[in-house]
Amino acid sequence: MRKFNIRKVLDGLTAGSSSASQQQQPQQHPPGNREPEIQETLQSEHFQLCKLLNEIRDSFGRPGVECYCQHDSGAAVIQLQVTFCHLPFQSKWLYVGTERGNIHIVNVESFTLSGYVIMWNKAIELSSKSHPGPVVHISDNPMDEGKLLIGFESGTVVLWDLKSKKADYRYTYDEVITLFLEPFIILSGGLSYDTVGRRPCLTVMHGKSTAVLEMDYSIVDFLTLCETPYPNDFQEPYAVVVLLEKDLVLIDLAQNGYPIFENPYPLSIHESPVTCCEYFADCPVDLIPALYSVGARQKRQGYSKKEWPINGGNWGLGSQSYPEIIITGHADGSIKFWDASAITLQVLYKLKTSKVFEKSRNKDEKPNTDIVDEDPYAIQIISWCPESRMLCIAGVSAHVIIYRFSKQEVITEVIPMLEVRLLYEISDVETPEGEQAPPLPTPVGSANPQPTPPQSHPSTSSSSSDGLRDNVPCLKVKSSPLKQSPGYQTELVIQLVWVGGEPPQQITSLAVNSSYGLVVFGNCNGIAMVDYLQKAVLLNLGTIELYGSNDPYRREPRSPRKSRQPSGAGLCDISEGAVVPEDRCKSPTSDIKDNSFSRSRSSSVTSIDKESREAISALHFCETFTRKTDSAPSPCLWVGTTLGTVLVIALNLPPGGEQRLLQPVIVSPSGTILRLKGAILRMAFLDSTGCLVPPAHEPWKEHNVPEEKDEKEKVKKRRPVSVSPSSSQEISENQYAVICSEKQAKVISLPTQNCAYKQNITETSFVLRGDIVSLSSSICLACFCANGHIMTFSLPSLRPLLDVYYLPLTNMRIARTFCFTNNGQALYLVSPTEVQRLTYSQETCENLQEMLGELFTPVETPEAPNRGFFKGLFGGGAQSLDREELFGESSSGKASRSLAQHIPGPGGIEGVKGAASGVVGELARARLALDERGQKLSDLEERTAAMLSSADSFSKHAHEVCLAWLRVSYSANCRWQQY
């Protein structure tokens, strides 16, 4: 009886009804608030969803030419497991060895099985009573293609005659056979079984020298690379390709010491599990060369001086050639920058954030203030400004590190550091009711009237009067000088500290602005803003304090001393009953609730316990209208919370230059409060023409080189301004704030703060990721929902453009890593080792085949070795084999239907991603057929010439014999006549 999951069925029905209702219901436009109509160019026909690439591959060509193949049906192995394959040169018949010890022959052109099968019981001695084990090696005789060398795992080696279908010779070895190659004697293994700490290794024996090369992972297979593809020619291997479980290694056999080739493929994406990632398209053109130049200095020494020898295939020549960069944060605290411009991933630069912290001296020693079970340096959030190259990261141990890019090497004597006590401690009284605007508070600085100077060294552990841990960061910053190589260099380290025995809560949101020189971050306790130029804390408020007297929930804040407050939007889930300090949050790599991820948001405000844990979920620096009465835009910070509230904080910046480093930045809440359903995810701003207003930023400049006098004068006069494409006249007009939450999206007209457009994105599910992106010279809102739908909406009208069911949320990894970017691109992590990129742009889908390039390209076949006259005359040299006649259906019959199942693919680019186009493939197969036919004709011509020569020689000998016989006969007749 078939079982059904009622919950899944109901979820499917509700998701379908919600999607249908959204398609029928147009975007909501509040009456009485008519806004000027903005011409929108995006239409539904501009969108199409398709996968681009899975960054886990099976085939490699020249650097950048890579492909993978998979069965979309997910068919499982039901009969046999393949253990070894061998495809002879210029042959379409593939020898397939199985775990059962049998060998099957497959036609790779039609993917049909031949009826010819080499059974294990016929290959071994009849007297043998044990199974020989799986097939571990297959190779054809270089001098006779009709002979096949078969190696079994038990140590049995068989020379099989394909024509007579029997074994000519059998050899037995007492130990297990793995892999072996000649004329270099290359074998997998070589170390004694008694060796302590024995690692996988490859042994290379050449002449009198023997080298044992240790590998990091187990060896799966290897093969040699030779100049000639003909097995009957003299072969001198120049390299060996070793496939490991998690890597691909090429060893140079022509150089002393057998160095390895530098691997150009990005197989190291999963050196450490990926905990977060960000995707940036259409970056500045000088950014990738800059990252590559500093990343090239990180490469290890000792590689082979030769170029990568695998050079098959051609690059794709797509029409969309814009720089794309992917940044991945890992569990070990490392950050990798990847070049994704040409469909494939190439690592540019690697940054280790853990270098600024003290390491444990031994494995058993753990930081005494660590709040995670493992991976204390794991990256949670990445905030990056491509224009200024400023980088800011938030780690799982409640730490924030700000990096500045430099091409010069520096030595930092003392690492700048700030410690922040992020909590709210106000009187336990009810917040007064009412909708009146709160009185403007006094400008908020740091806890002290003067800016807080950075600590010169990490603070030591301290305890409060009642013995509870207090003022202790989770990690200890190095006190010794730090050598920083060219690339990203530490500007400032910020750490949240323990307060009254309570560990700091993990950071839930992060933003950095290079024009303002500010970084802001928040968690479930509150928000903190830091001036990284002056190394001072500007703002440290609890979330409730941001409301002032306008808090609509009448909450009574509670001190962290009374009960622990779990993070509302972190990478971990803490149970409701976790109130003891010893209950610690797990690492992001543990993937809590991987198999069943469900969460519901409610706009109800009846649960005081839920409201008191309101976390900061979104942060956005901008230059816009902070209040309804503003006549001009000014710098500000927009703050979004998990309860759907948006609050605005005004920023008063000093002049640029030296004054920026001397005068303080004034920070004050503006009193502006906006409301949406669900937690706030993303915010952006449009000008009066509907164009995106990017945050203000400073252009990158080398920070470690002294400035000239004229440059200093320019900096003094310069003030941070927004880089909006609008003119100064247009910027004084109205703007639009685009706010996306887990449930809905709103477009707010500024400075009036009227809701111009509203769209309920989902009722039964919630939005996991929402981004405002550019596409086809316009902009749109792209959303990924937990029910698997990818949706796009036009801006500013929020008109639905795309709603496609793509992928259900099955684990937290997808939720952490899914992100959209410009030009219709998106990506997420399918597994810790697999990145899936996709596009929702119709133009990209149409140009996908050109972008993928060609994997199989026709090449000139090398000239076959000359066998010589005497080898052809006397039958020496290589013997050819007509495999078509031997393995064809006419002679071998049909294969068993129960042995294997033929699963036809859709063909074309969807069937084999990255493969050659049909025309190129047909040309290659035609060229291969011509080469095979030409080889056979050449052999026939040589044989015919040999036969003609033999016949001519025989004719001459016969003529001489005839003449000799006539002479003898004539002489005899003459003698008879004389008598």
Side-chain angles (χ1 to χ4, degrees), residues 268-269 271-276 290-291 293-301 327-338 347-363 365-372 374-384 389-419 454-459 473-496 507 510 512 519 530 532 535 587-589 703-704:
S268 58
I269 187 173
E271 280 183 350
S272 177
V274 178
T275 54
C276 67
L291 290 170
S293 63
V294 295
R297 305 181 189 182
Q298 298 177 331
K299 296 178 180 178
R300 296 182 299 173
Q301 303 297 325
I327 306 179
T328 55
H330 299 258
D332 62 354
S334 62
I335 294 177
K336 288 186 179 180
F337 292 78
W338 306 83
V347 64
L348 294 172
Y349 172 72
K350 180 179 179 180
L351 172 66
K352 295 181 179 180
T353 64
S354 60
K355 292 175 62 176
V356 301
F357 300 109
E358 296 284 357
K359 298 293 194 309
S360 301
R361 295 182 180 179
N362 52 66
K363 295 182 179 179
E365 180 183 351
K366 292 184 178 181
N368 58 357
T369 58
D370 192 4
I371 62 171
V372 293
E374 55 185 6
D375 302 327
Y377 312 110
I379 307 298
Q380 271 188 299
I381 309 174
I382 298 174
S383 179
W384 187 49
R389 304 181 188 176
M390 290 297 298
L391 173 68
C392 189
I393 65 98
V396 72
S397 295
H399 63 278
V400 174
I401 307 179
I402 305 168
Y403 291 94
R404 191 186 296 271
F405 186 85
S406 175
K407 296 182 179 180
Q408 306 294 325
E409 181 180 291
V410 297
I411 297 179
T412 305
E413 296 294 336
V414 179
I415 301 174
M417 188 193 72
L418 287 175
E419 294 179 355
Q455 283 83 353
S456 59
H457 56 83
S459 62
C474 299
L475 300 172
K476 185 178 180 181
V477 177
K478 285 184 177 179
S479 57
S480 58
L482 178 64
K483 180 181 178 181
Q484 303 199 73
S485 303
Y488 276 100
Q489 300 170 352
T490 305
E491 177 77 7
L492 179 64
V493 178
I494 308 170
Q495 293 195 90
L496 301 182
I507 295 170
L510 176 71
V512 63
V519 62
V530 173
Y532 65 80
K535 310 296 188 296
S587 165
T589 59
H703 194 67
N704 294 324

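We number each residue from 1, following the sequence as shown.
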Has [X] got a side-chain atom pairing as donor or acceptor with [Y]'s backbone, closer than 3.5 angstrom?
| X | Y | result |
| --- | --- | --- |
| S272 | D332 | yes |
| Y349 | A290 | no |
| S406 | Q408 | yes |
| T353 | G333 | yes |
| K478 | V414 | no |

Inset, instruction - Identify whether the distance between the nearest side-chain nitrogen and carboxylate oxygen of E409 and R297 falls below 4.0 Å. - result: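 The answer is no: the pair does not qualify as a salt bridge.
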
Inset, instruction - For the pair R404 and E491, find out whether any cationic side-chain nitrogen is under 4.0 Å from an anionic carboxylate oxygen. - result: yes

Any side-chain heavy atom of [X] within less than 4.5 Å of one from [Y]?
| X | Y | answer |
| --- | --- | --- |
| P473 | H399 | no |
| I402 | T490 | no |
| T275 | T328 | no |
| V512 | Y532 | yes |
| I382 | C276 | yes |
| Y488 | I393 | no |
| K336 | I327 | no |
| K355 | Y377 | no |

Legend entry - Intermediate values then yes/no, side-chain contact (heavy atoms from CB on, under 4.5 Å), W338 and L348: CA-CA 5 Å; W338 306 83; L348 294 172; over 6 Å; no

Inset, instruction - Indicate whether any N or O donor in one side chain lies under 3.5 Å from an N or O acceptor in the other, for T412 and Q484. - result: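 The answer is yes; a qualifying pair exists.
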
With rounding to the nearest 0.5 angstrom, report the [atom1] to [atom2] distance, [X] to [Y].
| X | Y | atom1 | atom2 | result |
| --- | --- | --- | --- | --- |
| Q380 | I507 | CD | CD1 | 7.5 Å |
| M417 | S479 | CE | OG | 10.5 Å |
| K352 | S485 | NZ | OG | 10.5 Å |
| I381 | S383 | CD1 | OG | 9.0 Å |
| R389 | W384 | CZ | CH2 | 9.0 Å |
| Y403 | L351 | OH | CG | 4.5 Å |

Inset, instruction - I would like to know whether L391 and F337 meet side-chain contact (heavy atoms from CB on, under 4.5 Å); could you show each step before the answer? - result: CA-CA 12 Å; L391 173 68; F337 292 78; 4.1 Å; yes

Legend entry - Residue among L475, V400, L418, I401 satisfying side chain to side chain contact (heavy atoms under 4.5 Å, CB included) with Q495: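 It is L475, the one option of L475, V400, L418, I401 that forms the side chain to side chain contact (heavy atoms under 4.5 Å, CB included) with Q495.
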
Legend entry - Closest non-hydrogen atom pair between A331 and D375, with its separation: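 Shortest heavy-atom separation between A331 and D375 comes out as O-CB, 3.5 Å.
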
Legend entry - P376 versus S397, closest heavy-atom pair with distance: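 Nearest pair, atom of P376 first, then S397: O-OG, 2.6 Å.
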
Inset, instruction - Could you please spell out the steps behind the ring-ring contact (aromatic ring centres under 6.0 Å, His included) verdict for F405 and H703? - result: CA-CA 8 Å; F405 186 85; H703 194 67; over 10 Å; no

Inset, instruction - Assess whether side-chain contact (heavy atoms from CB on, under 4.5 Å) is satisfied between I379 and H330, documenting all intermediate values. - result: CA-CA 6 Å; I379 307 298; H330 299 258; 5.9 Å; no

